[in-house]
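We're numbering straight along the sequence, starting at 1. Basis for what follows: all heavy atoms, side chains included, without hydrogens, waters or symmetry-related copies.
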Amino acid sequence: SRVPEWHASLMWSSAAILGVPSTAPTSMHPLTYVVLEEDRAIPPEAQEAMAARADHVERLATGHVPQLTDPTGLAAILAGLTDDVRESVQ
């Protein structure tokens with residue numbers, strides 16, 4: 001199991017983040033949402049509701065921390081997004 005390795009790479013967050021409401025993204029730039037289909041922390045149905053305002057929705061068949069459980073899949077999505085931005089700027 002790679003769980004000990006993953007735990008060693010995590011960073012602590014301030015508890016203050018739990019009490020400060022976040023704001024919705026603005027329409028100043030395109031918004032992409034990645035639905036994590038095997039997430040047990042935020043059910044995919046809830047993610048779909050959050051993704052409803054996104055311009056583009058991607059999906060990964062992985063859990064809550066895709067950078068650890070599917071870094072290749074997440075990197076492919078991010079690379080595709082940067083390609084889209086480069087094309088729109090040219």
Inset, instruction - Just jot down the side-chain hydrogen bond (donor to acceptor under 3.5 Å, both in side chains) partners of E58, sequence neighbours excluded, or say none. - result: H56
Legend entry - Partner residues of A46 under the side chain to side chain contact (heavy atoms under 4.5 Å, CB included) criterion, sequence neighbours left out: I42, P43
Inset, instruction - Would you name the heavy atoms of L31 and D55 that are closest together and state the gap between them? - result: N-OD2, 2.6 Å
Legend entry - M50 reachable from V57 in the ILVMFWY side-chain graph, under 4.5 Å edges: yes
For a quick test of your reading: what N or O donor-acceptor pairs under 3.5 Å do the side chains of residues 64-71 make, sequence neighbours left out?
| residue | atom | partner | partner atom | Å |
| --- | --- | --- | --- | --- |
| H64 | ND1 | D39 | OD1 | 3.2 |
| H64 | ND1 | D39 | OD2 | 2.8 |
| T69 | OG1 | T62 | OG1 | 2.4 |
| T69 | OG1 | V65 | O | 3.2 |
| D70 | OD1 | G73 | N | 2.9 |

Legend entry - Cluster link L78 to V34, ILVMFWY, side chain under 4.5 Å: yes
Legend entry - E5: side-chain hydrogen bond (donor to acceptor under 3.5 Å, both in side chains) partners, not counting sequence neighbours: R2
Inset, instruction - State which residues pass side chain to side chain contact (heavy atoms under 4.5 Å, CB included) with E38; sequence neighbours excluded, sorted by chain then number. - result: A61
Inset, instruction - Could you check V35 against Y33 for side-chain contact (heavy atoms from CB on, under 4.5 Å), going step by step and ending with a plain yes or no? - result: CA-CA 6 Å; V35 173; Y33 192 101; 3.9 Å; yes
